[in-house]
Amino acid sequence: MKFSANLGFLWNDRPLPAAIKAAKEAGFDAVECHWPYAVPASETKAALDETGLKMLGLNTVRGNVTIGENGLSALPGREEEARAAIDQAIQYATEISAGAIHVMAGNSSGPRARKAFIENLVNACDNAGSDITILIEPLNHYNAPGYFLSTVEQAADIIREVAKPNLKLMFDFYHVQIMGGDVTRRFEAALPHIGHVQIASVPDRGSPDHGELDYSFTLRRVRELGWAQPIGAEYLPANGAVPDLAWLASFKD
Ligand SMILES: O=C(O)[C@@H](O)C(=O)CO
Ligand SMILES: [Mg+2]
């Protein structure tokens, strides 16, 4: 299997270009991040070019994080800000040739929120063009209480309704296990919609070699089902920002 280092959590004690280099040295096949915007895209691109790693994805900004905002795209009345966040992400992703943008929904619920989310996703898909995949990610209700999107089934409904070929599901096993489990069957059912896969141990969101999910089984099944893209290692290192990587050698090709 191939793995992508999620630099939102791994090596997040250093500037993004240095984190990209650390991921390369550690043997990762790709990188992904959360919010790279403080670093000029040219600097991120230079580190990607130097290491030969691809940036698989980045997120739209969350809004006012000091009051707990967690995305803007499913917030009725905030359409202008949501569009600006999507435009910013598309511009950054284009400059660094990133593969995907995770459009963050935000904390909301109900039909008006759903309508706003769908309209923003249509706009994101149309403006991103065919080289950038737009991702939506269900988040669990412990880490993201009140978040609009919490299950893969809800996300699949939205993807069907938006009906754009570049809208896909970010299937994060950590969240999916917490929100109902049965992860192997649910992965298989969602496979046609999946655009990226992420992992972490459950419930502590640590390295994927312990906890209630057995990734040596789960990832074998993922591979058998034909998934060949790098899997996002999105976990919280046990001791700060430098990750424990014993798991990587045993899971990698
Ligand atoms: O799982 C997560 O939390 C991330 O993938 C993310 O992008 C939202 O913070
Ligand atoms: Mg995730």
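Whatever order the structure lists them in is the order used to number ligands and atoms, beginning at 1.
- Distances below 4.0 Å separate heavy atoms of M104 from the following atoms of ligand 1: 8 (C).
- For residue Q198, an N/O/S atom approaches the Mg ion (ligand 2) to within less than 2.8 Å.
- Considering just the N/O/S atoms of D172, the one nearest the Mg ion (ligand 2) carries the name OD2.
- In summary, the atoms of ligand 1 found under 4.0 Å from a heavy atom of H102, numbered by their order in the structure, are 6 (C), 7 (O), 8 (C).
- Minimum-distance N/O/S atom of E137 relative to the Mg ion (ligand 2): OE2.
- Within the structure, every pair that satisfies the salt bridge (Lys or Arg N to Asp or Glu O under 4.0 Å) test and touches residues 50-64, not counting sequence neighbours, is listed here: K21-E50.
- Against a heavy-atom cut-off of under 4.0 Å, D172 is close to the following atoms of ligand 1: 1 (O).
- If you look at F9 and H34, their ring centroids are closer than 6.0 Å.
- Counting atoms of ligand 1 from 1 in the listed order, those under 4.0 Å from a heavy atom of E234 are 1 (O), 2 (C), 4 (C), 5 (O), 6 (C).
- The Mg ion (ligand 2) sits nearest to atom OE1 when only the N, O or S atoms of E234 are considered.
- Proximity of R205 to ligand 1, defined as any heavy-atom pair under 4.0 Å, is confined to the side chain (atoms from C-beta onward).
- Between F171 and F173, the ring centre distance stays below 6.0 Å.
- Each of V183, N140, D182 was checked for a side-chain contact (heavy atoms from CB on, under 4.5 Å) with Q177, and the lone residue meeting it is V183.
- Polar contact check, H175 against ligand 1: a nitrogen or oxygen pair lies under 3.5 Å apart.
- Here K115 pairs with E119 in a salt bridge; the nearest charged N to carboxylate O distance falls below 4.0 Å.
- A side-chain donor-acceptor contact under 3.5 Å links W247 and Y235.
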